[in-house]
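Please read these numbers as outputs of a predicted model, since none were measured by experiment. Below, chain A is the first sequence line, B the second, and so on; all start at residue 1.
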Amino acid sequence: MKELAKTFDPKEFEQRIYEDWERDGDFHAEVNPSKKPFTIVMPPPNITGQLHMGHALDQTLQDVLTRWRRLQGYSALWLPGTDHASIATEVRVADELRETEGLSKEDLGRGEFLKRVWKWKDIYGGKITEQQRRLGDSCDWERERFTMDEGCNKAVVEFFVRLYEKGLIYRGSRLINWCPDCGTSLSDAEVEHEDLNGKYWYIRYPAADGGAGITVATSRPETMFADVAIAVSPEDERYTDWIGKSVLLPVTGREIPVIADPYPDPEKGTGAVKITPAHDPNDFEVGARHGLAQPVCIDFDAKMTAEAGKYEGQDRFACRKAWVEELDAAGYLVKTEDVVIPTGKCYRCDTIVEPMISEQWFVKMEELAKPAIEAAKRGDLRHVPARFEKIYLHWLEEIRDWCISRQLWWGHRIPAWTCGTCGEIIVARETPAACPKCGAAGAALSQDEDVLDTWFSSALWPFSTLGWPEDTPDLRYFFPTSVLVTGYDIIFFWVVRMVFSSLEMMGEPPFETVFVHGLVRDEQGRKMSKSLGNGVDPIEVIDTYGADALRFFLLNGSAAGNDMRFVLKNVESTRNFANKLWNASRFVLMNIGKTKGDGSKTKGDGSYVLRDEDMWILRTTEQVAAEVTDNLEKYELSVATQKIQELIRDEYCDWYIELVKTRLYGEDEETKAVCRAVLVRVLSDLLRLLHPFMPFITEEIWSYLDKPNKLIKDRWPAPEGFAEDADFAAAAGRIETTKEIVRAVRNIRAEANAPQSKKLPILILFDEGKTPSLGEHIRSLAGVSDIGVIKSEADLPGDTVSAILKGMALHVPLADLVDFAAEREKLAKERERLTGETQRLSAKLNNEGFTAKAPAAVVEAEREKLAAAEEALTKVTAREAAIREK
RNA sequence: GCGGGCAUAGCUCAGCUGGUUAGAGCGCAUGGGUCACAACCAUGAGGUCCCGGGUUCGAAUCCCUGUGCCCGCACCA
């Protein structure tokens with residue numbers, strides 16, 4: 001038998017193991033009607049850069065679920081891919097171009113620029129998949145996809161055309177979010193709000209007929225050049241007389257009407273609002289209601305237009321400053337007020353977003369949102385943890401039309417053409433040969449220059465990756481997917497859109513469950529970010545501690561849906577746990593020799609060859625396996641990891657291995673063979689249970705066990721009835737008693753500072769009716785020289801230290817080592833505790849409300865507790881009396 | 001304004017559908033170079049489960065109020 005290295009070193013095997021898995025196609029999932037499908041489509045990481053710790057968490061959760069289901073015998077598909085991330089990538093590549101070559105993307109031109117982006121995609125996409133391999137992702141690389149590959153493009157076009165034909169996509173001139181730096185429109189979801197310190201400037205608009213006029217407050221005085229009215233509430237008596245009259249725009253003297261509209265709130269500001277339809281969403285609505293013009297005073301570069309007179313060409317904020325000064329000098333500035341202004345910023349470049357009127361493509365949301373809301377309410381779509389359903393619903397219920405066109409080059413080109421001859425707009429799956437309306441030849445048709453929002457293609461990801469719009473076997477078998485794993489920060493961008501797209505195109509939700517996780521923060525709880533420089537590179541952590549350790553830490557770190565902190569010390573702990581398993585396995589391998597057999601339950605004649613500890617560990621392992629399975633079904637991954645860790649470290653290593661050593665080192669070949677078999681058998685189950693969480697180390701150890709197949713393709717532990725077997729239960733009970741005695745003796749030894757090398761005799765006084773059943777275990781594990789059973793206190797020789805246990809009193813004669821003062825103190829403390837305990841329990845049991853209403857099992861358990869406490873109390877009191885004089 | 005989260009041992013966090021003597025890892029203290037493991041072992045000390053109410057026979061757990069931290073959405077001149 002090969003031996004394991006003395007210390008666990010993940011570098012020795014992680015890469016090799018991964019290559020073996022990949023080479024042998026172990027991640028590949030096939031359509032297989034005799035198996036149940038389990039499908040996860042990976043949220044495609046952006047090709048903009050490296051994987052961060054959040055990805056590591058996201059990927060690990062998916063890998064755990066996939067590996068677990070694969071072991072359970074599902075045809076488990078985890079479909080990987082990357083996202084072209086239209087705006088983010090374009091910005092990155094353009095930045096790089098400027099830095100390295102001093103060129104703008106316009107300098108290169110569309111075609112050449114796109115070539116550069118594809119090159120970028122090859123480099124960074126490759127880096128990402130390399131990192132995923134380091135993490136141990138068992139995804140099916142044969143099915144790897146890209147949101148801009150041919151199949152996805154086909155899906156995008158099909159989706160667009162179908163929605164257009166249904167009237168759910170339209171083109172229109174509306175107020176949209178504009179990022180002047182990225183030079184594109186943004187959807188509402190792509191605008192982040194930040195509270196900035198700003199001001200209200202109270203500005204007087206003089207009456208057209210020469211009166212003092214109306215004062216309005218504004219946080220954006222530079223938009224005044226595009227004002228078309230002053231609106232007041234019809235209910236606001238202060239302004240009733242003004243309605244229908246006119247005021248003059250300060251300085252410029254342009255006349256604008258005062259109109260009545262429900263929008264102004266008399267409580268806010270001065271009650272009168274300037275109306276600038278081209279630069280404010282609310283004003284846009286007001287303007288539309290009143291049929292007002294939409295002059296524009298800020299252009300797409302965030303510079304003032306000719307509308308702003310002498311400020312034309314100035315930056316919007318520079319203009320604001322100068323303009324306020326001019327207003328002040330001219331006596332129109334009534335006052336200013338410091339105030340916090342919630343300001344929209346571009347989620348990619350942080351530039352302050354400018355609301356602009358622009359011709360864009362939109363998806364009409366109302367009709368699409370409804371089924372998505374119903375699906376969640378009906379339970380066809382489940383969120384884990386459930387609270388995220390509220391967020392999902394809230395967003396859908398308030399959703400507005402989705403602006404999907406982007407003034408960018410990198411992305412799916414909009415499948416729409418304009419006829420240069422008649423102006424007809426043609427939406428089609430393929431480049432039209434001629435204009436259907438006027439018959440002009442294809443040359444007269446020009447395709448829309450814009451591309452689609454990245455999320456328009458991501459929305460189709462769960463089915464476009466499986467072949468849609470074709471009706472493929474994959475699609476029929478693997479769709480709908482089983483679970484979507486993603487961070488809560490992406491519910492709006494992505495989850496919501498996948499759901500309504502799928503409901504519209506496939507007629508059902510794209511997944512049964514949305515498993516939501518939180519963010520990985522830094523040690524101080526701050527968000528990891530480039531600007532703070534506090535990001536931790538998962539690959540560096542893997543280099544130091546191994547992928548298994550990182551994965552286990554990420555799983556252990558927090559409950560589902562909650563943010564977690566990255567604490568390096570804790571990764572070290574999980575690495576140490578891996579090392580523990582490694583060494584236990586090393587022990588097993590060193591001792592099993594050429595053992596045959598599988599640790600089976602009984603001999604042919606039905607009598608047991610298994611000893612108590614064998615039955616105990618088999619039973620315990622089976623119980624924990626069942627619990628872990630249950631936890632996984634409920635997505636309680638961190639609970640599962642804790643239970644497995646406890647089983648391996650506390651039960652298998654600390655107790656079973658220790659309990660079995662005397663047998664292994666002894667001469668009895670038969671019992672030696674049995675415990676060897678049980679050691680291997682239980683270790684195998686432990687490896688199976690741990691494999692989804694720590695795939696590398698488990699596969700590596702497995703390879704030393706002479707198994708016919710790899711662990712990744714083995715099976716999940718299934719119950720064999722140990723847990724229900726009465727003999728096993730009795731054996732387990734005896735082992736628990738043994739553990740209790742061993743612990744008590746160790747405790748006494750430590751408290752008395754008796755050297756560990758010194759063997760101690762112990763005496764046990766059993767409660768009446770209890771059967772003594774003591775094995776070698778106590779001698780070997782607690783350093784006991786002799787175990788005596790006595791009939792009464794009176795039989796105790798000399799000076800002893802005692803411990804009161806369930807069903808017995810344990811005495812260790814320590815002669816001069818006995819500190820009777822400490823002993824009395826200990827007993828008094830114990831008596832106090834037990835007295836409190838008995839009082840509490842009897843009060844509870846005397847309460848009729850409790851005995852009548854609590855479940856019988858609970859009442860029974862409390863009765864037993866009381867009996868035990870009373871018994872212990874008697875023994876403690878007796879002991880106190882016995883040593884009172886010492 | 002609307003919605004959500006968190007508050008448990010010195011630190012990082014578990015604790016499911018109410019019934020536990022409230023747990024883990026790290027840290028701390030004491031002892032140990034023992035033949036799987038010092039990336040270790042053994043033992044131990046640490047907790048008015050944020051405050052206050054309520055529901056209940058029974059609350060860390062469910063409900064309400066408050067306090068403190070954090071987040072999302074919306075929005076104001």
Check whether any side-chain N or O of [X] sits under 4.0 Å from OP1 or OP2 of [N], and answer yes or no.
{"X": "A:Lys580", "N": "B:C41", "result": "yes"}
{"X": "A:Lys844", "N": "B:G58", "result": "no"}
{"X": "A:His193", "N": "B:A74", "result": "yes"}
{"X": "A:Tyr665", "N": "B:A36", "result": "yes"}
{"X": "A:Lys390", "N": "B:G4", "result": "yes"}

If you only use heavy atoms from C-beta on, which nucleotide in [options] is closest to the side chain of [X]?
{"X": "A:Lys865", "options": "B:U20, B:A36, B:C76", "result": "B:U20"}
{"X": "A:Ala854", "options": "B:C73, B:G19, B:A36", "result": "B:G19"}
{"X": "A:Arg400", "options": "B:A14, B:C75, B:C73", "result": "B:C75"}
{"X": "A:Asp195", "options": "B:C73, B:A36, B:C75", "result": "B:C75"}
{"X": "A:Arg649", "options": "B:U21, B:A24, B:G72", "result": "B:A24"}
{"X": "A:Glu636", "options": "B:A36, B:C16, B:C76", "result": "B:C16"}
{"X": "A:Asn282", "options": "B:C71, B:C75, B:U21", "result": "B:C75"}
{"X": "A:Arg840", "options": "B:G4, B:C37, B:U21", "result": "B:U21"}
{"X": "A:Arg521", "options": "B:G19, B:C75, B:C70", "result": "B:C70"}

Span that lies between the [atom1] atom of [M] and that of [N], in whole angstrom:
{"N": "B:A29", "M": "B:A14", "atom1": "P", "answer": "27 Å"}
{"N": "B:G5", "M": "B:U65", "atom1": "P", "answer": "13 Å"}
{"N": "B:A60", "M": "B:G33", "atom1": "C1'", "answer": "44 Å"}
{"N": "B:U43", "M": "B:G23", "atom1": "P", "answer": "16 Å"}
{"N": "B:A36", "M": "B:A24", "atom1": "P", "answer": "26 Å"}
{"N": "B:C37", "M": "B:C11", "atom1": "P", "answer": "36 Å"}
{"N": "B:C64", "M": "B:G18", "atom1": "P", "answer": "16 Å"}
{"N": "B:G31", "M": "B:G68", "atom1": "P", "answer": "47 Å"}

What integer distance in Å separates [X]:[atom1] from [N]:[atom2]?
{"X": "A:Asn583", "N": "B:C37", "atom1": "CG", "atom2": "P", "result": "6 Å"}
{"X": "A:Asn556", "N": "B:C26", "atom1": "CG", "atom2": "P", "result": "12 Å"}
{"X": "A:Lys527", "N": "B:C69", "atom1": "NZ", "atom2": "P", "result": "20 Å"}
{"X": "A:Tyr488", "N": "B:C71", "atom1": "OH", "atom2": "C1'", "result": "6 Å"}
{"X": "A:Lys199", "N": "B:C76", "atom1": "NZ", "atom2": "C1'", "result": "18 Å"}
{"X": "A:Asn579", "N": "B:C41", "atom1": "CG", "atom2": "C1'", "result": "14 Å"}
{"X": "A:Asp489", "N": "B:G5", "atom1": "CG", "atom2": "P", "result": "18 Å"}
{"X": "A:Glu389", "N": "B:G5", "atom1": "CD", "atom2": "P", "result": "14 Å"}

Partners of [X] by salt bridge (Lys or Arg N to Asp or Glu O under 4.0 Å), sequence neighbours excluded?
{"X": "A:Arg400", "result": "A:Asp188"}
{"X": "A:Asp489", "result": "none"}
{"X": "A:Arg387", "result": "none"}
{"X": "A:Glu658", "result": "A:Lys661"}

Check this for me: does any side-chain nitrogen of one of A:Arg743 and A:Glu740 sit under 4.0 Å from a carboxylate oxygen of the other?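 Salt bridge: no.
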Salt-bridge present (A:Glu627, A:Lys643; N to O < 4.0 Å):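 Salt bridge present between A:Glu627 and A:Lys643.
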Judged by each residue's nearest nucleotide on RNA chain B, which is more toward the 5′ side, A:Cys653 or A:Ile341?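 Result of the comparison: A:Cys653.
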Earlier contact from the 5' end, RNA chain B, for A:Asp9 and A:Gln642: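 The residue mapped nearer the 5' terminus is A:Gln642.
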Is there any salt bridge (Lys or Arg N to Asp or Glu O under 4.0 Å) pair reaching into residues 516-528 of chain A, and which pairs are they, with sequence neighbours excluded?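 Found A:Arg521-A:Asp563, A:Asp522-A:Arg526.
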If the condition is side chain to side chain contact (heavy atoms under 4.5 Å, CB included), which residues does A:Thr835 pass it with, not counting sequence neighbours?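 Per chain and number, A:Thr835 pairs via side chain to side chain contact (heavy atoms under 4.5 Å, CB included) with A:Arg831, A:Gln839, A:Leu873.
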With sequence neighbours left out, what residues match A:Gln623 under side chain to side chain contact (heavy atoms under 4.5 Å, CB included)?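 Here the qualifying residues are A:Arg619, A:Ala723.
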Which residues satisfy the side-chain hydrogen bond (donor to acceptor under 3.5 Å, both in side chains) test with A:Arg289, sequence neighbours excluded?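 By the side-chain hydrogen bond (donor to acceptor under 3.5 Å, both in side chains) rule, A:Arg289 matches A:Asp261.
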Suppose the criterion is ring pair (Phe, Tyr, Trp, His ring centres under 6.0 Å): which pairs have a residue in residues 553-578 of chain A, not counting sequence neighbours?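 Residue pairs with at least one partner in residues 553-578 of chain A: A:Phe552-A:Phe577, A:Phe553-A:Phe566.
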Close residues, residues 561-576 of chain A, relative to RNA chain B [heavy-atom separation under 4.0 Å]: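 Nucleic-acid contacts, sorted: A:Asn562, A:Arg565, A:Val567, A:Lys569, A:Asn570, A:Ser573, A:Arg575, A:Asn576.
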Between [Y] and [X], is there a side-chain heavy-atom distance shorter than 4.5 Å?
{"X": "A:Asn534", "Y": "A:Ser529", "result": "yes"}
{"X": "A:Ser219", "Y": "A:Lys199", "result": "no"}
{"X": "A:Trp655", "Y": "A:Lys739", "result": "yes"}
{"X": "A:Phe850", "Y": "A:Leu845", "result": "yes"}

Quick one: label [X] by what it contacts on the DNA or RNA (base, sugar-phosphate, nothing), any heavy atom closer than 4.0 Å.
{"X": "A:Glu658", "result": "base"}
{"X": "A:Ala584", "result": "base"}
{"X": "A:Phe577", "result": "nothing"}

Name all stems that contain residues of RNA chain B, defined as runs of 3 or more consecutive Watson-Crick or G-U wobble pairs, both distances under 3.5 Å.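 Expected stems, ordered by start: B:1-7 with B:67-73, B:10-13 with B:23-26, B:28-32 with B:40-44, B:52-54 with B:62-64.
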Polar side-chain contact A:Gln645-B:A14 base: donor and acceptor under 3.5 Å: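 Flag unset: no donor-acceptor pair detected.
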Please work out whether B:G46 sits syn or anti, treating a glycosidic angle within 90° of 0 as syn.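 What B:G46 shows is a syn base, its glycosidic angle lying within 90° of 0.
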Expected string for nucleotides 42-47 of chain B under the B/S/- scheme (protein heavy atoms, under 4.0 Å, primed atoms plus P, OP1, OP2 as sugar-phosphate) is SSS---
